[in-house]
Number of protein chains: 2
Amino acid sequence: MSRPAAKVTIREVAERAQVAISTVSHAFSGSRPISQATRERVLRAAAELGYDPNPSARSLRTGRSGIVGLVLRPRYAVTGTPDRAETFNRLVGSIATEMLRRKTGLIHVPDIDDPSVARVPMDGCIVAHPYGDDSVLTELTRRGIPVVTVEEDPERPGFPWAVRLDYPAVVTALLDHLREQGARRITLFTGTEDNAWNRRTRETYLAWSARRRRTPRVEVLSEGLTPDDAAAAVRPLLTGRSRPDAVIIATSDFAALVTRVAAAEGLRVPDDLMVASLTDTEHSRTASPPITAMDLNHEKLAEHAVELMLARLSGAGNPGNHWSSPRCCTCARPPGARDRPGRTVRRAGADRHAPIVDASITKR
Amino acid sequence: MSRPAAKVTIREVAERAQVAISTVSHAFSGSRPISQATRERVLRAAAELGYDPNPSARSLRTGRSGIVGLVLRPRYAVTGTPDRAETFNRLVGSIATEMLRRKTGLIHVPDIDDPSVARVPMDGCIVAHPYGDDSVLTELTRRGIPVVTVEEDPERPGFPWAVRLDYPAVVTALLDHLREQGARRITLFTGTEDNAWNRRTRETYLAWSARRRRTPRVEVLSEGLTPDDAAAAVRPLLTGRSRPDAVIIATSDFAALVTRVAAAEGLRVPDDLMVASLTDTEHSRTASPPITAMDLNHEKLAEHAVELMLARLSGAGNPGNHWSSPRCCTCARPPGARDRPGRTVRRAGADRHAPIVDASITKR
DNA sequence: CTGAAAGCGCTAACAG
DNA sequence: CTGTTAGCGCTTTCAG
């Protein structure tokens, strides 16, 4: 019982149970008929010795580890502000929880680009928020590791194993909301991270502006800026004769910062300046004055990404065929397509795509 | 370059480079002298073939995987309320971030008790918030896997590889704060989870009550209760002639709930009833009326747990000897001991213990 | 400095 | 139904 924890192998179990090692193996896996008597003898011997199968040996032999990797791409997600940490934590927590439910190991993959870092045994890998033409996707593909992404790599529009967010719908709703509140000149402060989040939101903003015959105004604000630098960059853009009466700021911590800058400039929020952000965090939820925010719905993204990964690993040839939970998704809609509110559009070939998750906006 | 991602082995690299496979191995590991010419030939062959060492084969051979496991014990942390999720996410996120910094793989271990679930290759395992006489600790120890815990198993007080929280100091501070605000009858609502959090806070409450010559009043509220059941259980205890003028409720979501129950009973918070919680979440931070809360300081716990784990894996015989970051810790203080504010106590043998992290309270 | 060979512990043919 | 055996891909002696 309280044996000194020496690692006991299948061979010792076989000896003690007086059977061949293959019998022990099969007694556990059930992959071939074993007489009741033998099975019991084996299991008892194993229990007495405290046998525990060596996962590396098993993986080496079978070629599978039963482990899924996770890589979170955004540079500023890990280091950085509490807001970024919150976003990171929410996604990681959701994926971990979902994997736990599925009783499958999830491993945070350390530095896939650094050759000096030890490789990790994974059957597949979830890559969250990839960049355009993402190098990690390239590398994993080269290694032959099946990948599922949370949000698409914007340079790989045809990649079918991506869970997408429906940006056009939600960003349009956000813009319409601001407009209904009286906004006439909306400036978008976008980030420098080249991912779907920045790209799609910008595209949607431009398309909306064109449709509404408004002059778009896009400013770039690096996610890596210090609060002071960000404030300094934003300040001159909030004043002057053509100043905006509403701003959309990608990162929520910068959004909170903008409200302070505005106050310092004598602008009242939201009367003189409405502020909205493209990610929802505690900051945006509790800011005073209030900040309207887009919720990326990490929990749903995670749930679907995990489901998609497991489907892919169990041999699904393409995402659509084996997809089982179209609940919150509009799977029929090809990426980029927009449908009218309340209307479901079905198109040929659409079932070859992974689902699109609905984001939402919280109006404040 | 864009080879069809067939897994290439060390043998093929050896063939292409016209060397023995052991030479290839050593060319990568640098564990024996290799001539410059051969090394280059090997590395080029590897690059051309897209060689990627098989981690399972390596682990099988070396006996180490370079991966650390993570198990989060509290039953209600994963499923359950948003508050629990936040607590879970914060801890998981912090540990993941810290492990990433250390370029070491972190794996969420699925269901260690369930024999049908595939084992996972880990060199060590971090167990967060273990129960008293925790079965997972027992099992891991039996398997000979080095363990570090976040908070101690209350039934294993001598276990040195535990990062502890300084409950006496912070809970006493919390009680003193309530008392200074005028609280005369403080009731503690404790949970049913048998872990350090519940035990230590209760002990401290009882000790404080004895010291202050107050009659302690402890009520038990299972963490698994639905909000409705929790409300129903709490309601009668808030009223009556000997009703408390302050309550400390372990879980913050129940704390928020108590404020609602109190309001429904016509009690004003905090005038008629002060409310404090033993964990800090967005709920407690933003509740109105305000909730004083204890912050478990997950980030620091995580940082220290990871550091301790890596120290243990690199052969540290005991925690104290290899401990390098006593910044926020009062390592000299044996578990349970209290020192006077602003005074550092050093005791013999204290360096054999892992650090004690300071929690804090946020007064609201 | 390099090669040959022995396994790490397990699974999956293939024989009985 | 059970036993024997050949490796999975790698590291590490031990010889040259």
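This one's a predicted model, so the numbers in the text were calculated from it and none came from an experiment. Just so it is clear: chains get the letters A, B, ... in the order the sequence lines come, proteins before strands, and each one is counted from 1.
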Find the distance [X]:[atom1] to [N]:[atom2] and express it as a whole number of Å.
X       : N      : atom1 : atom2 : value
A:Arg64 : C:dA12 : CZ    : C1'   : 13 Å
B:Asp52 : D:dC10 : CG    : P     : 9 Å
B:Glu15 : C:dT2  : CD    : C1'   : 17 Å
B:Arg61 : C:dC10 : CZ    : P     : 15 Å
B:Arg58 : D:dT12 : CZ    : P     : 9 Å
B:Ile21 : C:dA6  : CD1   : C1'   : 11 Å
A:Leu60 : D:dT11 : CG    : P     : 12 Å
B:Ile10 : C:dA6  : CD1   : C1'   : 15 Å

Practice item. Determine whether any donor atom in the side chain of A:Ser22 lies under 3.5 Å from an acceptor atom in the base of D:dT4, or the reverse, and answer yes or no. Key: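 Answer is yes: a donor-acceptor pair is held.
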Exercise for review: Classify the side chain of B:Arg11 versus the base of D:dG7 as yes if they form a donor-acceptor pair under 3.5 Å and no if they do not.
Suggested key: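 Answer no: no donor N or O sits under 3.5 Å from an acceptor.
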**Study point:** Exam field: side chain B:Arg119 to backbone B:Val117, donor-acceptor pair closer than 3.5 Å
**Key:**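 Confirmed, B:Arg119 side chain pairs with B:Val117 backbone.
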Practice item. Identify whether any heavy atom of B:Thr38 sits under 4.0 Å from a base atom; if not, whether one sits that close to sugar-phosphate; answer base, sugar-phosphate or nothing. Key: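 Sugar-phosphate: the residue B:Thr38, judged by heavy atoms under 4.0 Å, touches backbone atoms but no base.
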Exercise for review: Indicate, with a heavy-atom threshold strictly under 4.0 Å, whether A:Tyr51 touches base, sugar-phosphate, or nothing.
Suggested key: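 Since only primed, P, OP1 and OP2 atoms lie under 4.0 Å of A:Tyr51, the category is sugar-phosphate.
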Taking OP1 and OP2 of [N], is either one under 4.0 Å from a side-chain nitrogen or oxygen of [X]?
X       : N      : value
B:Thr23 : C:dG3  : yes
B:Ser25 : D:dT11 : yes
B:Ser29 : D:dT11 : no

Exercise for review: Could you check which of C:dC10, D:dC1, D:dG9 has an atom nearest any side-chain atom of A:Ala57?
Suggested key: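 Nearest nucleotide to the side chain: C:dC10.
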Check your understanding: Considering only C:dT2, C:dA12, D:dT12, which nucleotide approaches the side chain of A:Thr62 most closely?
Key ->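 Within the option list, the nearest is C:dA12.
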Without hydrogens or angle criteria, can the side chains of [X] and [Y] be said to hold a donor-acceptor pair below 3.5 Å?
X        : Y        : result
B:His26  : B:Arg32  : yes
A:Thr138 : A:Arg156 : yes
B:Thr38  : B:Ser35  : yes
A:Tyr51  : A:Glu12  : no

Review point. Mapping B:Arg32 and B:Pro55 to their closest nucleotides on DNA chain D, which lands nearer the 5' end?
Key: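 Per heavy-atom nearest nucleotide, the more 5' residue is B:Pro55.
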**Study point:** Residue mapping more 5' on DNA chain D - nearest nucleotide basis, B:His26 or A:Ile34
**Key:**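 This one resolves to A:Ile34.
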